Amino acid sequence: MKTVRLSVPAGEVNLPLCVRTGQVFRWYEIQGLWAGMANDALLIVNPEGNRWSLSAVGGEPIPLFTHLFRMEVDLKSVQVQLIRRDSRWEQWVRALPGLRLMRWTSATECLFSFLCTPANNLPRITGMIERLCERYGTPIAEWGGRQWHAFPTVERLAQAEEADLRALGFGYRARTLIEVARALQAREPNWLESLAELPYWDAKQALMTLPGVGAKVADCVLLFGLNHNLAVPVDTHMWQAMQKWVLPELRGKSLTERTYRQIVDWFHERFGEWTGWAHQYLFTAHLLESQRKGE
DNA sequence: CTTAGACCTGTATAC
DNA sequence: ATAAGCAGGTCTAAA
């Protein structure tokens, strides 16, 4: 495992903020370093100063890091765009320096991971995914006193027993995971990845034909796994933030297909291609506020 | 088109 | 002990 160095200008990326706010689920702080699995690759980062050291198993450190954190995107210019399009975003940009939109290396891993999230919470989600990888994933590396496993293949998940997954704490999501794995096997080999080439609404409609994939999970997979920057995952945090801070006319209403679409349309009109980034700042702002209140 | 209830389970707040 | 304008929802049934 070789280690390389990379110049990271101050303020370009806040790694803990990016990896602990529910965009990805397999990152851990170990002995002052940050280690994360991306499908079948392990990336270890020492985010110190402006010369970070990166190591990887199963991939090249710099391309992997650049892909996951979209380092080809200039964060400053994103922030300027968001504030120019809606000045309310300035408070969230200021409050969340270095927050970036993440990009998964595997749409499949992204899909199965977000299938674990409905009516759930972050600590339980990360635990479920970790046990899933230990049970069904190939060992990739031993580092930091623990084994690191690849995310399970679709073939392996399609063969899983519902009782096994329930024993791992998946609850009613156990059946959905298996059903989706089998549904994917029944389609064209690269069906999921091919959705990246479709227009946003077409790709979303196609994803929602899978069991357990509603509007919110579909938007997560589109945004984080399939490069659709027009996707807006509207979960409880986004819904509350929109009502409180952005669209007061939503107060007193409930989140339905109609109000969901109203929010997506509003983002498209206001932010265009910056929609996904705008969503991420608003979502994270509300998530962190709700976590502070809980303490 | 809207709303209620069911669905697994861990955690935190309120009696 | 016990419920929850729970917690990064989805699906079905019923008005």
Side-chain angles (χ1 to χ4, degrees), chain A residues 17-27 92 96 99 101-102 104 109-132 160-180 183 204-225 231-246 248 250-265 267 275-295:
Chain A
L17 182 63
C18 294
V19 304
R20 284 194 303 201
T21 48
Q23 301 192 65
V24 293
F25 304 104
R26 301 189 66 198
W27 280 81
W92 302 312
L96 303 166
L99 176 64
L101 189 59
M102 300 289 286
W104 293 53
E109 178 185 24
C110 186
L111 169 61
F112 284 101
S113 297
F114 280 99
L115 278 172
C116 300
T117 63
N120 210 344
N121 53 66
L122 234 22
R124 185 180 167 207
I125 293 165
T126 56
M128 283 163 59
I129 293 174
E130 183 169 342
R131 293 191 293 278
L132 186 74
E161 298 283 346
E162 181 179 340
D164 274 2
L165 286 174
R166 282 186 178 262
L168 295 180
F170 278 75
Y172 66 85
R173 302 167 195 82
R175 189 153 51 91
T176 322
L177 253 65
I178 296 168
E179 281 178 355
V180 168
K204 183 167 178 175
Q205 187 178 17
L207 260 185
M208 288 174 66
T209 63
L210 294 172
V213 179
K216 190 271 176 180
V217 169
D219 273 327
C220 287
V221 178
L222 291 170
L223 181 62
F224 301 124
V232 185
V234 182
D235 63 344
T236 175
H237 288 292
M238 279 295 289
W239 175 242
Q240 290 172 40
M242 290 300 288
Q243 291 179 105
K244 270 192 288 185
W245 301 332
V246 183
L250 292 175
R251 290 174 193 167
K253 297 191 178 179
S254 56
L255 181 56
T256 63
E257 194 179 332
R258 173 197 290 280
T259 46
Y260 195 120
R261 184 160 31 80
Q262 190 181 340
I263 290 174
V264 176
D265 288 342
F267 268 90
T275 286
W277 286 88
H279 143 272
Q280 200 59 44
Y281 274 88
L282 182 58
F283 166 79
T284 308
H286 194 278
L287 175 70
L288 294 188
E289 193 199 65
S290 71
Q291 286 176 351
R292 276 195 295 274
K293 277 183 182 167
E295 284 166 12

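Since we're looking at a predicted model, the values are computed, not measured.
The CE atom of A/Met128 lies 5.0 Å from the CG atom of A/Asn120; values are rounded to the nearest 0.5 Å. Remark: A/Leu282 CG to A/Met238 CE distance equals 5.0 Å, nearest 0.5 Å. Summarising the geometry, atom OH belonging to A/Tyr281 is positioned 4.5 Å from atom CG belonging to A/Leu99; distances are rounded to the nearest 0.5 Å. Atoms CE and CZ, from A/Met242 and A/Phe267 in turn, are 4.5 Å apart once rounded to the nearest 0.5 Å. Atom CD of A/Gln280 is separated from atom OG1 of A/Thr21 by 6.0 Å, given to the nearest 0.5 angstrom.
Of all nucleotides listed (B/dT9, B/dC1, C/dT10), B/dC1 comes nearest to the side chain of A/Arg258. Distance from the side chain of A/Asn121 is smallest for C/dA7 among the nucleotides C/dG9, C/dA7, B/dC8. The side chain of A/Arg166 lies closest to B/dC8 when the candidates are C/dT10, C/dA7, B/dC8. Here B/dC7 is the nucleotide among C/dT10, C/dA7, B/dC7 with the atom lying nearest to any side-chain atom of A/Tyr172.
Heavy atoms of A/Ala174 sit nowhere under 4.0 angstrom from any nucleic acid atom. The residue A/Thr21 sits close to a base: some heavy atom pair falls under 4.0 Å. Among the protein residues, A/Val234 comes within range of no part of the nucleic acid, since none of its heavy atoms lies under 4.0 Å from any strand. Looking at heavy-atom distances under 4.0 Å, A/Gln240 makes no contact with the nucleic acid at all.
A gap of 23 Å separates the C1' atoms of C/dA1 and B/dC7, to the nearest Å. Between B/dA4 and C/dA4, the distance separating the two P atoms is 14 Å to the nearest Å. To the nearest whole angstrom, the two P atoms, one in C/dC6 and one in B/dA14, are 15 Å apart. Of the C1' atoms belonging to B/dG5 and C/dG5, the separation is 16 Å, rounded to the nearest Å. As rounded to the nearest Å, C/dT10 and B/dG10 have P atoms that lie 22 Å from one another.
When the P atom of C/dC6 is taken as reference, atom CG of A/Leu287 falls 16 Å away, rounded to whole Å. Regarding A/His286, its NE2 atom lies at a distance of 13 Å from the C1' atom of C/dA7, rounded to whole Å. In this structure, A/Met128 places its CE atom 13 Å from P of B/dT11, rounding to the nearest Å. Between the CG atom of A/Leu111 and the C1' atom of C/dT10 there is a distance of 14 Å, given to the nearest Å. The distance between atom CZ of A/Phe25 and atom C1' of C/dA7, rounded to the nearest whole Å, is 13 Å. Rounded to whole Å, atom P of C/dG9 lies 15 Å from atom CE of A/Met208. If you measure from atom CD of A/Glu257 to atom P of C/dT10, you get 12 Å, rounded to the nearest angstrom. Following rounding to the nearest Å, A/Leu122 (CG) and B/dA12 (P) show an atom-to-atom distance of 13 Å.
Of the two residues near DNA chain C, A/Gly212 and A/Gln280, the one whose nearest nucleotide lies more 5' is A/Gln280.
A/Thr236 and A/Gln240 form a side-chain donor-acceptor contact under 3.5 Å, judged by distance and modelled atom types alone.
With both pairing distances under 3.5 Å, C/dG9 is matched to B/dC7 as a Watson-Crick or G-U wobble pair.
A donor and an acceptor atom never sit less than 3.5 Å apart when one is taken from the side chain of A/Arg175 and the other from the base of B/dC7.
Between A/Trp245 and A/His286, the two ring planes are tilted [angle within 30° to 60°]. The aromatic rings of A/Phe114 and A/Trp104 sit tilted relative to each other, their planes meeting at an angle between 30° and 60°.
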Check nucleotides 3-6 of chain B for protein N or O atoms closer than 3.5 Å to its own N or O atoms and list the pairs.
| residue | atom | partner | partner atom | Å |
| --- | --- | --- | --- | --- |
| B/dT3 | OP2 | A/Ser254 | OG | 2.3 |

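Taking a 6.0 Å sphere around CZ of A/Arg131, one finds it holds more than 12 heavy atoms contributed by other residues, nucleotides or ligands.
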